[in-house]
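See below for the structure under consideration.
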Amino acid sequence: MAVVLLTGAASGIGAATARAFAAAGDAVVLGDVDAARLRAVAASIAGDVLAVPADVRDQAAVAGLVQAAVGRHGGLDFVCTIAGVFVGPERPLEQTDDDVVDRLLDVNVKGVIRVLRAAIPHVRDGGAIVLTSSISGLVAHPGGVAYAASKTAQIGLARSLAAELAPRRIRVNVICPGTIDTPMAHTAHTPEQLRGFAADNPLGRLGTPEDVAGAFVFLARAGYVNGMALRVDGGDCLLGAL
C-alpha cells in the first residue's frame, strides 16, 4: 500500500485519480478548495481516505494538508498535483488583464510549487511526483497564451525537479491531457466547441477523467520513467488536430 497525496481531488481528473489509486489499494489524502465536493468524493471512495480542504494559493493551508497526511501515515509515497484553473474567455494576449494572468500563475504554477515545497521533505526515497500540464504546454494555443504559459511551466518544473531529486530516486513526471470531459472543459468551451473537438480527435471522442487517472497510476509506479511529459490526448497532438 502506498500513501498518495492529491490536490484538485473534488472533481474531474482529480476525483477519478483518487478513485483509481484507492481501487489499487492505496491510502489517499485528498485536498481541494471546494470543501463540500471534496467531502462527497471522499465519502464515495472505499478504503483509507482522508479529505483535507486546502487552497493551493495559501501556503499555510497547503502545509496543513501535508501535515495531516504525514500525521496519519508517517510519510508520502506519491504526490499528484492536479489542482488547476482555466480563466476565460479566450482572447488575444494584449486583451488579457493582469488579474487573469495572476490567477493562472498563482494556481497553476505557484500553487504547484507551494505543494511541492511542503511535500518533498516527506516523500519517501524511491517515491514519485506527477504534475499536471496540458497539450497547451506542447502546442500553440492562440487565445490562451497565458494559460499555455502556466502549463508549459509544469513541463520545465518536472524536468528540473526530476534531476534535482534523482539522488533520492524520487521520479518526477508530468501528464499533458487533451480535451477531457470535465467541469473545467464545460466552463472553458461551448457545447458546440466540445462536439467539434470530439469529432476532430483521431479516436472520435473527448477523453474521460478515467483515461487520465490511469496515466497517473501508471507514472506513479513506472520505476524507470523520469522527467517525461506524457500526452493523454487521443492523438490530437500527433495529427495536429488542434
**OP:** State whether the side chain of Asp55 and the backbone N or O of Arg57 hold a donor-acceptor pair below 3.5 Å, judged by distance alone.
**Re:** yes
Subject >> Side-chain donor/acceptor of Asn201 to backbone N/O of Ala198, under 3.5 Å >> reply: no
Subject >> Residue pair Ala42 / Ala51: nearest heavy atoms and the distance that separates them >> reply: CB-CB, 3.8 Å
Original post:
With a 4.5 Å limit on heavy-atom distance, are the side chains of Leu219 and Cys80 in contact?
Top reply: no
Subject >> Trace of the side chain to side chain contact (heavy atoms under 4.5 Å, CB included) decision for Val33 with Val56 >> reply: CA-CA 8 Å; Val33 68; Val56 298; over 6 Å; no
Subject >> Over 12 non-hydrogen atoms of neighbours within 6.0 angstrom of CZ in Arg221 >> reply: yes
Original post:
Is Val232 reachable from Leu206 through a run of hydrophobic residues whose side-chain heavy atoms are each under 4.5 Å from the next?
Top reply: no
Original post:
Could you give the distance from NE2 (His189) to CD (Glu90), rounded to the nearest 0.5 Å?
Top reply: 6.0 Å
Original post:
Hey, what do you get for CD1 (Ile129) to CG (Leu161), rounding to the nearest 0.5 Å?
Top reply: 5.0 Å
Original post:
Can a salt bridge be assigned to the pair Arg114 and Asp106 using a cut-off of 4.0 Å between side-chain N and carboxylate O?
Top reply: yes
**OP:** Compare all side-chain heavy atoms of Asp236 with those of Pro202 and state whether any distance is below 4.5 angstrom.
**Re:** yes
Original post:
Has Arg159 got more than 12 heavy atoms of other residues, nucleotides or ligands less than 6.0 Å from its CZ?
Top reply: no
**OP:** Starting at CD of Gln154, measure out to OG of Ser134 and round the result to the nearest 0.5 Å.
**Re:** 10.5 Å
Subject >> Validation row: Arg231, Val139 side chains within 4.5 angstrom (heavy atoms) >> reply: no
Subject >> Over all atoms of both residues, closest heavy-atom pair of Leu38 and Pro53 >> reply: CD2-N, 3.7 Å
Subject >> Under 3.5 Å: donor-acceptor pair, side chain of Thr132, backbone of Ile175 >> reply: no
Original post:
Heavy-atom distance under 4.5 Å between the side chains of Ser11 and Asp34, does that happen here?
Top reply: no
Subject >> Phe78 reachable from Leu5 in the ILVMFWY side-chain graph, under 4.5 Å edges >> reply: no
Original post:
Can you find a pair of side-chain heavy atoms, one from Val29 and one from Arg72, that are under 4.5 Å apart?
Top reply: no
Original post:
Going through the checks in order, is the side chain to side chain contact (heavy atoms under 4.5 Å, CB included) test met by Phe21 and Phe216?
Top reply: CA-CA 9 Å; Phe21 276 112; Phe216 274 99; 4.3 Å; yes
Subject >> Transitive ILVMFWY side-chain link Val62 to Leu157, under 4.5 Å >> reply: yes
Subject >> Value rounded to 0.5 Å, distance of CE in Met1 from NE2 in His73 >> reply: 6.0 Å
**OP:** Could you tell me which non-hydrogen atom of Gln193 sits nearest to which non-hydrogen atom of Thr190, and how far apart they are?
**Re:** OE1-N, 2.8 Å
Original post:
Short question: side chain of Asn108, backbone of Gly84 - any donor-acceptor pair under 3.5 Å?
Top reply: no
**OP:** Would you name the heavy atoms of Arg124 and Gly74 that are closest together and state the gap between them?
**Re:** NH2-C, 3.8 Å
Original post:
Is there a donor-acceptor pair under 3.5 Å between the side chain of Thr7 and the backbone N or O of Ala83?
Top reply: yes
Original post:
Among Val145, Leu104, Val87, Val101, which residue meets the side chain to side chain contact (heavy atoms under 4.5 Å, CB included) test with Thr96?
Top reply: Val101
Original post:
Does any N or O in the side chain of Arg171 come within less than 3.5 Å of the main-chain N or O of Val225, such that one atom is a donor and the other an acceptor?
Top reply: yes
Original post:
Between CZ of Arg19 and OG of Ser44, what distance do you get to the nearest 0.5 Å?
Top reply: 4.0 Å
Subject >> Stepwise side chain to side chain contact (heavy atoms under 4.5 Å, CB included) check, Asp32 with Val41 >> reply: CA-CA 11 Å; Asp32 198 283; Val41 169; over 6 Å; no
**OP:** Following the transitive rule for hydrophobic clusters with a side-chain heavy-atom cut-off under 4.5 Å over Ile, Leu, Val, Met, Phe, Trp and Tyr, establish whether Val28 and Leu65 coincide in one cluster.
**Re:** no
Original post:
Between Arg103 (side chain) and Val85 (backbone), is there a donor-acceptor pair under 3.5 Å?
Top reply: no
Original post:
Under a 4.5 Å cut-off applied to non-hydrogen side-chain atoms, are Ile82 and Leu6 in contact?
Top reply: yes
Original post:
More than 12 foreign heavy atoms under 6.0 Å from CD of Gln95: is that the case here?
Top reply: yes
Original post:
Hey, does Ile120 have a side-chain heavy atom less than 4.5 Å from the side chain of Arg168?
Top reply: yes
Subject >> Heavy-atom closest contact (Pro177 atom, Ser133 atom, distance) >> reply: CD-O, 3.3 Å
Original post:
Out of curiosity, Arg117 CZ to Gln59 CD, how far, rounded to the nearest 0.5 Å?
Top reply: 4.5 Å
Original post:
Transitively linked via ILVMFWY side-chain contacts under 4.5 Å: Val109 with Val172?
Top reply: yes
**OP:** Apply side chain to side chain contact (heavy atoms under 4.5 Å, CB included) to the pair Asp77 and Asp26, showing each step before the final yes or no.
**Re:** CA-CA 10 Å; Asp77 297 294; Asp26 297 322; over 6 Å; no
Subject >> Under 3.5 Å donor-acceptor, Asn173 side chain and Gly227 backbone >> reply: yes
Subject >> Over all atoms of both residues, closest heavy-atom pair of Arg205 and Gly207 >> reply: NH1-CA, 3.8 Å
Original post:
Going by heavy atoms in the side chains, are Leu131 and Leu116 under 4.5 Å from each other?
Top reply: yes
